[in-house]
Amino acid sequence: MKSLSNDCFNPFFSHIYVEKSICNHWRVREILEKFPAAEVIEIQHYKDVFCRSRQSHALQYRARKLILAARQGALLYEGAPVCQSFGNSYFYYTSCVMNCVFDCEYCYLKGMYPSANLVVFVNLEDYFAEAERILLSHPLYLCISYDTDLTALEKIIGYVEEWCAFAEKQPDLTLEIRTKCAGFSDFQKLPVLSNVIWGFSLSPQKVIERFEHHTASLTERLACAAQRLQAGCPVRLCFDPMIYLPGWKEEYGEMLEQVYGVIDLEKVLDVSVGSFRIAQDYLKRMRKQEPDSAVVWFPFQREKGYCHYPDRLMEEMEGFLTQRLESRIPGEKIFRWRV
């Protein structure tokens with residue numbers, strides 16, 4: 001992960017807002033110890049800062065602030081239609097962190113949240129208790145890194161390690177941890193568990209450079225995925241979302257050749273394929289925040305409240321990647337999102 005600082009603005013997390021009710025929480029104390037120079041500001045509720053009107057994502061991405069809070073109400077949610085369930089009947093996701101340290105131009109979080117600042121919910125035990133309650137009724141497939149990249153925050157909050165420790169005691173729980181990060185030191189200290197799936201989001205290097213700002217390079221992500229495979233972890237390769245750009249076929253073809261040179265696909269748990277799609281309302285908000293982004297202003301097709309590439313282009317892009325992958329991995333291991 002690249003540096004969280006910016007020479008032109010205040011450094012990342014120069015200001016940390018803390019809900020008054022959790023000021024003495026042990027996780028709050030541990031996080032604050034990592035930012036001794038930060039100005040700590042007490043607030044009543046995280047929404048007082050996070051949900052202010054007329055915030056500028058562009059400016060906030062250059063000087064992010066951290067908000068520490070306790071989440072109330074529902075903590076686990078049924079998976080959204082735009083997400084792949086990988087054949088799991090009980091597919092849920094959770095958000096113990098809101099927003100991401102990375103700055104991907106196409107990220108739906110820019111349309112979902114009014115702020116680019118990060119919120120960390122410190123009452124993680126409540127999340128575990130909710131998962132245990134659901135597990136009393138049925139197995140649980142839980143994605144814990146959809147509304148953020150938890151791995152990229154591991155040195156700050158350590159939630160991946162805590163979730164893995166929880167999963168180790170819950171045989172009916174399967175976790176998916178998806179990431180664009182490549183922090184070897186963090187990965188290597190984590191246990192190898194059959195019910196914790198490591199999902200690596202992969203894009204051509206040109207897509208990463210143009211649209212996935214501050215994320216690890218394709219080479220770094222593949223090296224990390226290979227390390228997890230070698231350690232014996234279940235690994236998922238996520239070619240999702242595929243992003244259109246001129247020469248996309250050559251770019252994605254070169255990406256696959258790089259994947260083949262590093263990853264033993266016979267050992268991969270499965271792969272996902274899906275082109276960019278997003279809720280219509282989110283896209284409308286994103287376009288206000290990203291007026292110059294080619295990926296956001298593509299003339300998408302609207303269908304059932306969602307926007308995606310026109311059917312012909314979507315089929316061509318996803319079909320291209322799927323056909324190439326089928327020469328290396330059984331078709332039943334390829335999960336493709338459908339409208």
Side-chain angles (χ1 to χ4, degrees), residues 1-20 22-23 27-71 95-122 145-159 179-183 186 208-217 220 282 285-296:
M1 180 181 145
K2 298 182 182 178
S3 172
L4 295 179
S5 64
N6 188 298
D7 293 337
C8 300
F9 286 75
N10 289 331
F12 275 70
F13 306 157
S14 62
H15 295 71
I16 301 179
Y17 297 87
V18 183
E19 287 185 342
K20 189 174 182 179
I22 59 163
C23 282
R27 285 198 181 91
V28 171
R29 294 197 302 268
E30 284 196 353
I31 292 170
L32 292 181
E33 286 175 0
K34 294 168 183 168
F35 299 94
E39 181 177 348
V40 180
I41 305 166
E42 285 190 11
I43 57 175
Q44 291 298 319
H45 196 277
Y46 79 90
K47 290 184 179 179
D48 297 339
V49 176
F50 191 72
C51 296
R52 295 191 311 253
S53 61
R54 292 178 295 191
Q55 297 184 76
S56 170
H57 282 65
L59 289 176
Q60 289 177 340
Y61 269 104
R62 302 175 74 175
R64 311 289 283 282
K65 304 300 184 287
L66 180 62
I67 305 169
L68 305 181
R71 188 65 178 257
S95 301
C96 46
V97 175
M98 296 168 65
N99 267 331
C100 181
V101 295
F102 298 139
D103 181 16
C104 298
E105 288 187 22
Y106 57 79
C107 182
Y108 70 92
L109 298 178
K110 295 182 177 182
M112 181 176 178
Y113 295 139
S115 174
N117 293 321
L118 275 78
V119 181
V120 172
F121 296 110
V122 300
S145 197
Y146 267 13
D147 290 348
T148 189
D149 193 317
L150 276 186
T151 307
L153 291 167
E154 189 64 7
K155 286 184 172 64
I156 298 173
I157 61 176
Y159 279 13
T179 186
K180 295 177 182 175
C181 192
D186 292 328
I208 293 172
E209 292 170 357
R210 290 188 181 182
F211 305 122
E212 299 180 1
H213 309 302
H214 313 304
T215 64
S217 68
E220 291 169 329
Y282 290 177
R285 298 187 198 113
M286 287 170 66
R287 284 178 168 174
K288 292 181 180 179
Q289 297 289 348
E290 300 276 359
D292 301 317
S293 174
V295 66
V296 170

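Residue indices begin at 1 and follow the sequence shown.
For the residue pair C100 and L118, the shortest heavy atom distance occurs at O-CD1, 3.9 Å. A152 and C181 get closest at one heavy-atom pair: CA-SG, 3.9 Å. Residues R285 and G111 approach most closely at NH1-O, 2.6 Å, considering heavy atoms. Nearest heavy atoms, Y106 versus E212: OH-OE2, 2.5 Å. Annotation for E220 and S217: closest pair OE1-N, 2.8 Å, computed over non-hydrogen atoms.
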Test side-chain contact (heavy atoms from CB on, under 4.5 Å) on K180 and D149; report intermediate values, then the result.
CA-CA 7 Å; K180 295 177 182 175; D149 193 317; 4.0 Å; yes
Please determine whether side-chain contact (heavy atoms from CB on, under 4.5 Å) holds for the pair Q289 and Q60, giving the CA-CA distance in whole Å, both sets of side-chain angles, and the decisive distance to 0.1 Å.
CA-CA 11 Å; Q289 297 289 348; Q60 289 177 340; over 6 Å; no
Give the C-alpha distance, both sets of side-chain angles, the deciding distance and a yes or no for side-chain contact (heavy atoms from CB on, under 4.5 Å) between Y17 and D48.
CA-CA 10 Å; Y17 297 87; D48 297 339; over 6 Å; no
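Under the 3.5 Å distance criterion, the side-chain polar atoms of K34 are matched with a main-chain donor or acceptor of K155. Side chain of R52 to main chain of P114: no donor-acceptor pair is present (N/O by atom type, distance under 3.5 Å, no hydrogens or angles). Of the possible polar contacts, none joining the S293 side chain to the E290 backbone as a donor-acceptor pair under 3.5 Å is found. Of the possible polar contacts, none joining the R71 side chain to the C96 backbone as a donor-acceptor pair under 3.5 Å is found. A donor-acceptor pair under 3.5 Å is formed between the side chain of R27 and the backbone N or O of V122. Although no hydrogens or angles enter the test, the distance criterion places a donor-acceptor pair under 3.5 Å between the side chain of Q55 and the main chain of F50.
The side chain to side chain donor-acceptor pair (under 3.5 Å) test with D103 is passed by exactly one of H214, H57, K110, H213: K110.
Rounding to the nearest 0.5 Å places NZ of K20 at 15.0 Å from NE2 of H45. Here the CG-CD distance, from L68 to E42, works out to 12.0 Å after rounding to the nearest 0.5 Å. Note: M112 CE to D147 CG = 4.5 Å, rounded to the nearest 0.5 Å. Distance check, rounded to the nearest 0.5 Å: CZ of F13 to CG of L32 gives 12.0 Å. In this structure, CD1 in I43 is found 11.5 Å from CD1 in I16, a value given to the nearest 0.5 Å. Once rounded to the nearest 0.5 Å, the distance linking NZ of K47 with OG of S115 reads 13.5 Å.
Classification of the Y282-Y108 ring pair by plane angle, with boundaries at 30° and 60°, yields parallel.
Annotation: side chain of I156 is in contact with side chain of I31 (closest heavy-atom distance under 4.5 Å). Side-chain atoms of Y113 and V119, non-hydrogen and from C-beta on, never get closer than 4.5 Å to each other. Using a 4.5 Å heavy-atom cutoff, the side chains of E19 and Y46 are in contact. Looking at M98 and F121, their side chains come closer than 4.5 Å, going by heavy atoms from C-beta outward. The closest side-chain heavy-atom distance from T148 to L109 is not below 4.5 Å. In this structure, the side chains of T179 and S145 stay at 4.5 Å or more apart for every pair of heavy atoms.
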